[in-house]
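Only this structure's heavy atoms are used, side chains among them; waters, hydrogens and symmetry mates stay out. Below, chains carry the letters A, B, ... as their sequence lines are ordered, and counting in each starts from 1.
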Amino acid sequence: MALLDVKGLHAGYGDVPVLRGIDLSIQAGSITALIGANGAGKTTLLRTISGIIPAEAGSIRYDGQDILGKPPQDIVRAGLVQVPEGRRLFPDMTVFENLLIGSSSPTARPRRDENLKMVFGLFPKVRERGAQRAGTLSGGEQQMVAIARALMASPRLLLLDETSLGLAPIVVDEIFVAVRRLAAQGMTILVVEQNTALALEVADHGYVLEQGHFAMEGPASGLMADPRVKQAYLGI
Amino acid sequence: MDLLPLLPQALADGLLLGAVYAIVAVGLTLTFGVLRIVNFAHGDFLALGLYLTYLGATWLHLDPYLSLVLVLPLVTLAAAFTYRLLIAPVILAPEHNQIVVTLGLSLILQNAMLAIFTADLHTMPSVLSGQIVRIGNVFIQAAALIASAASIAVCLGLYWLLRSTELGRQIRAAAQDRDAALMSGVNVDRMYLIAFCIGIGSLGLVAPLIAPFNYVSPSVGSSFTLTAFIVVVLGSMGNFVGALIGGFIIGLVEAVGGLLTGGSINFIITYAIFILFLLFRPEGLLGGRRL
């Protein structure tokens, strides 16, 4: 069953259309990769799904419910949580306060202690940095805190926007080990990446976004072997 | 003339004045720090509070201190309506659009008060008016002491609220990164509403407290708005502690400046400081925003 079902989605900024007819289906329990060049509309799609920007046309169904037009906090409450591009931590708060903000929604609040334990188990570094101001962390640590903050909301569908961007390969490995662990526990994950090889390697299914619509989709292994993907995105 | 013996009195006056400036500026800096809205109508809500206090005194024969129970909720309610009807629709609009809205609101409020209450000055005497507390050679109005103490208490209370409560943390999150707060499940719109109501509601608390030793006229708000802006720029826009410190600095400058210049041109000193800050340290004393 599709946990997220996007149909005919059009969205953009003001008069500038960015998404032109997006159809996206994410199966529960899977990892889906969304790849595409800079400016293809990946972040716009995620921001529309999260309710940050409005759509002009189309529908977004999550867990059988129409979520298009719902306020962002209701979408988070339903378990659809995004880790934004560029981490976007609250820089003047401590790491621990950032995590607490992650469990702001009324459904996540009662599970705060349980979720804290879970994210500290997943990222021991986050616990070590608990009292530090988030703005003073390294990029990799900030990314871990950003994911941990999203996990505090008890997501069923986790959207990861450009998680690997600007991070050292060893840190990327560490983070994606954690992502795989979350998936193994049954969490549904959408990985949006410019790092195509990484995204297709970790994912079950993939979509290629080009100029506001999907140019290709299919099993990740199939896309990885596709000559067009190889040439345009993998540089092989 | 030897001014030194008068200095303790001027310092006391400055601190009393500064505390009131601080709470007015804290409200302004809170709305700016959280909503990113420059509210030129801020002081006019203080005038509204003063007129409500005046109405309480003339219609219901309420002492200003008693009218607090009416003025505080009414001003807060006015803030809530203002947010919903005027501020929320332009919250994502360009800055100059927002400024037109708050400046327009200020003009509307001032002229409405002018139409209803005329330009006459009104006083609102209290049982405490004229009561003097003497400490050595320093004479302090009891009402001013109460207003200052309450202002400081409210500032500290708000600081605690922002720093140490779940609500305060969510308000700070909305202030620091709107989108990230939305993605974390924070109801940003509600945080904006609450911050706006607190920022303006504190004026509804201050108005009855300063009423016994102040007058009210339709334009009294704009002088408070101006002073609050100077304080807020001095202490760094959006910086809570900065507004507190800035309030006391401007209060002291006005009182001591009044002593040195005989009171006639002491505002020149305040504005000179303001201009010097804008020229040489526009980020203010503390710099950055730390909400």
Peer 1: Taking CZ in F81(B) as the centre, count heavy atoms belonging to other residues, nucleotides or ligands within less than 6.0 Å. Is the count above 12?
Peer 2: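 Counting other residues, nucleotides and ligands, CZ of F81(B) stays at 12 neighbours or fewer.
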Peer 1: If you measure from CZ on R178(B) to CZ on R88(A), what distance do you get to the nearest 0.5 Å?
Peer 2: 11.0 Å
Peer 1: Please report the interatomic distance CG(N98(A)) to CG(D177(B)), rounded to the nearest 0.5 Å.
Peer 2: 10.0 Å
Peer 1: Are there residues of residues 146-165 of chain A that reach to under 4.5 Å of chain B by heavy atoms, and which ones?
Peer 2: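 Residues R149(A) are the ones that qualify, each having a heavy atom under 4.5 Å from chain B.
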Peer 1: I would like to know whether R109(A) and E166(B) meet side chain to side chain contact (heavy atoms under 4.5 Å, CB included); could you show each step before the answer?
Peer 2: CA-CA 11 Å; R109(A) 204 44 217 286; E166(B) 185 83 25; 3.5 Å; yes
Peer 1: Going from CG on D179(B) to CD on E85(A), what distance comes out if it is rounded to the nearest 0.5 angstrom?
Peer 2: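 Reported to 0.5 Å precision, the distance equals 12.0 Å.
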Peer 1: Measure the CD-CD distance between E97(A) and Q170(B) for me, rounded to the nearest 0.5 Å.
Peer 2: 12.0 Å
Peer 1: Are there over 12 heavy-atom neighbours, none belonging to Q27(A), within less than 6.0 Å of that residue's CD?
Peer 2: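 Count over threshold, so yes.
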Peer 1: Top residue by heavy-atom pair count (under 4.5 Å) with chain A, among L182(B), D189(B), V186(B), V188(B)?
Peer 2: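 It is L182(B).
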Peer 1: What pair of heavy atoms forms the shortest contact from S104(A) to S184(B), and how long is it?
Peer 2: CB-O, 3.9 Å
Peer 1: For a quick test of reading the model, state the closest non-hydrogen atom pair linking M183(B) to V76(A) and the distance between them.
Peer 2: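 Answer, listing the atom of M183(B) first, then V76(A): O-CG2, 3.4 Å.
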Peer 1: So does F96(A) have more than 12 non-hydrogen atoms from other groups sitting under 6.0 Å from CZ?
Peer 2: no
Peer 1: Look at atom CZ of R190(B) and say whether more than 12 heavy atoms of other residues, nucleotides or ligands are closer to it than 6.0 Å.
Peer 2: no
Peer 1: Other residues, nucleotides and ligands only: do more than 12 of their heavy atoms fall within 6.0 Å of CD on Q132(A)?
Peer 2: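 Yes, the 6.0 Å shell around CD holds more than 12 heavy atoms from other groups.
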Peer 1: Give the member of D74(A), I101(A), V81(A), V83(A) that has the highest number of heavy-atom pairs under 4.5 Å with chain B.
Peer 2: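 Among D74(A), I101(A), V81(A), V83(A), the one with the most close pairs to chain B is I101(A).
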Peer 1: Determine, for R172(B) against D92(A), whether the closest basic-nitrogen to carboxylate-oxygen distance falls under 4.0 angstrom.
Peer 2: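 Salt bridge between R172(B) and D92(A), a charged N being under 4.0 Å from a carboxylate O: no.
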Peer 1: Using non-hydrogen atoms and a 4.5 Å limit, figure out which bit of P91(A) sits close to chain B: side chain, backbone, both or neither.
Peer 2: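 Looking at P91(A), backbone and side chain both touch chain B.
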